[in-house]
Amino acid sequence: MAESTRNLNITPEEIESGKTMAFVAYLVFFIPLLMDEYKKNKFVMFHTEQSIVLLIVNILVNIIGVVTCGFGYILYIAVIVYYIIGIINAFGGKAVPLPLIGQYGEKFNLVK
């Protein structure tokens, strides 16, 4: 898998003002997308991208769980761990892609 080559240039002010909304993005991804103030915050939009990827993975894991009569629920533990990692990164002021799946968030191109 290719490493991300984009340079985010997130300022410390964006990080401090966006920590709470970055956390909210992991709970309800579209809330930051509705608020103009946070649409311009690169830190919040980075974590919104990550939360959208997690939502898609979560949906796929749930489908696998239904189709395989429970096997996918083992994968669901990994999804929960990814949510925890994302939330820790948001509160820690880090813009680090999630392991294995985080690079796909770049495809949404929300960080401008």
Side-chain angles (χ1 to χ4, degrees):
M1 310 237 166
E3 279 292 313
S4 175
T5 57
R6 71 179 175 171
N7 189 3
L8 299 175
N9 293 326
I10 299 173
T11 66
E13 293 80 21
E14 286 179 308
I15 292 172
E16 280 307 310
S17 67
K19 282 183 180 179
T20 304
M21 192 53 68
F23 164 71
V24 170
Y26 285 101
L27 301 178
V28 186
F29 77 92
F30 61 85
I31 297 292
L33 296 173
L34 298 175
M35 306 173 103
D36 287 333
E37 173 188 349
Y38 293 110
K39 277 192 210 177
K40 297 172 187 163
N41 187 313
K42 294 177 193 169
F43 183 72
V44 173
M45 287 299 107
F46 174 82
H47 285 286
T48 302
E49 289 175 349
Q50 297 295 293
S51 71
I52 292 171
V53 170
L54 266 175
L55 175 66
I56 293 168
V57 169
N58 192 2
I59 290 169
L60 293 174
V61 165
N62 282 317
I63 291 170
I64 291 169
V66 169
V67 170
T68 62
C69 298
F71 172 72
Y73 294 109
I74 295 169
L75 296 174
Y76 192 66
I77 294 169
V79 171
I80 292 171
V81 169
Y82 276 132
Y83 274 108
I84 292 169
I85 291 170
I87 289 168
I88 289 170
N89 285 342
F91 277 131
K94 298 177 186 172
V96 180
L98 295 169
L100 301 174
I101 62 173
Q103 69 213 19
Y104 298 108
E106 191 174 330
K107 307 272 189 242
F108 295 105
N109 200 27
L110 294 177
V111 179
K112 294 184 174 98

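- Side-chain atoms of N58 never come within 3.5 Å of backbone atoms of L54 as a donor-acceptor pair (strictly under, hydrogens ignored).
- Residues V96 and V81 do not share a hydrophobic cluster, defined by chaining ILVMFWY side chains whose heavy atoms lie under 4.5 Å apart.
- Judged as a side-chain hydrogen bond (donor to acceptor under 3.5 Å, both in side chains), and not counting sequence neighbours, the contacts of N9 are N7.
- Annotation for K40 and E14: closest pair O-OE2, 3.6 Å, computed over non-hydrogen atoms.
- Closest approach of N89 and F43 over heavy atoms only: O-CZ, 4.2 Å.
- Between F46 and P97, the closest side-chain pair of non-hydrogen atoms falls below 4.5 Å.
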Check the pair V79 / L75 against side-chain contact (heavy atoms from CB on, under 4.5 Å), numbers first and verdict last.
CA-CA 7 Å; V79 171; L75 296 174; 5.7 Å; no

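- Shown here for E49 and L110, the closest heavy-atom pair between the two residues is OE2-N, 2.8 Å.
- Contact of the I59 side chain with the I63 side chain is registered, since non-hydrogen atoms from C-beta on lie closer than 4.5 Å.
- Within a 6.0 Å sphere centred on OH of Y83, other residues, nucleotides and ligands contribute more than 12 heavy atoms.
- Smallest separation of non-hydrogen atoms from V44 and A22: CG2-N, 4.2 Å.
- Using a 4.5 Å heavy-atom threshold, the side chains of M35 and M21 count as touching.
- When every heavy atom of F29 is checked against every heavy atom of S51, the shortest pair comes out as CB-OG, 3.3 Å.
- Here the closest non-hydrogen pair linking Y26 and I87 is CB-CG1, 3.9 Å.
- Residues passing the ring pair (Phe, Tyr, Trp, His ring centres under 6.0 Å) test with F108, sequence neighbours excluded: none.
- Rounded to the nearest 0.5 angstrom, M45 CE and L33 CG are separated by 5.0 Å.
- Taking CD1 of I15 as the start and NZ of K42 as the end, the distance is 11.0 Å to the nearest 0.5 Å.
- Using a distance-only test at 3.5 Å, with no hydrogens or angles considered, a donor-acceptor pair links the side chain of Q50 to the main chain of G102.
- Distance CG/L8 to CD/E106: 8.0 Å, rounded to 0.5 Å.
- No side-chain heavy atom of Y82 sits less than 4.5 Å from a side-chain heavy atom of V57.
- Looking at K39 and D36, their side chains come closer than 4.5 Å, going by heavy atoms from C-beta outward.
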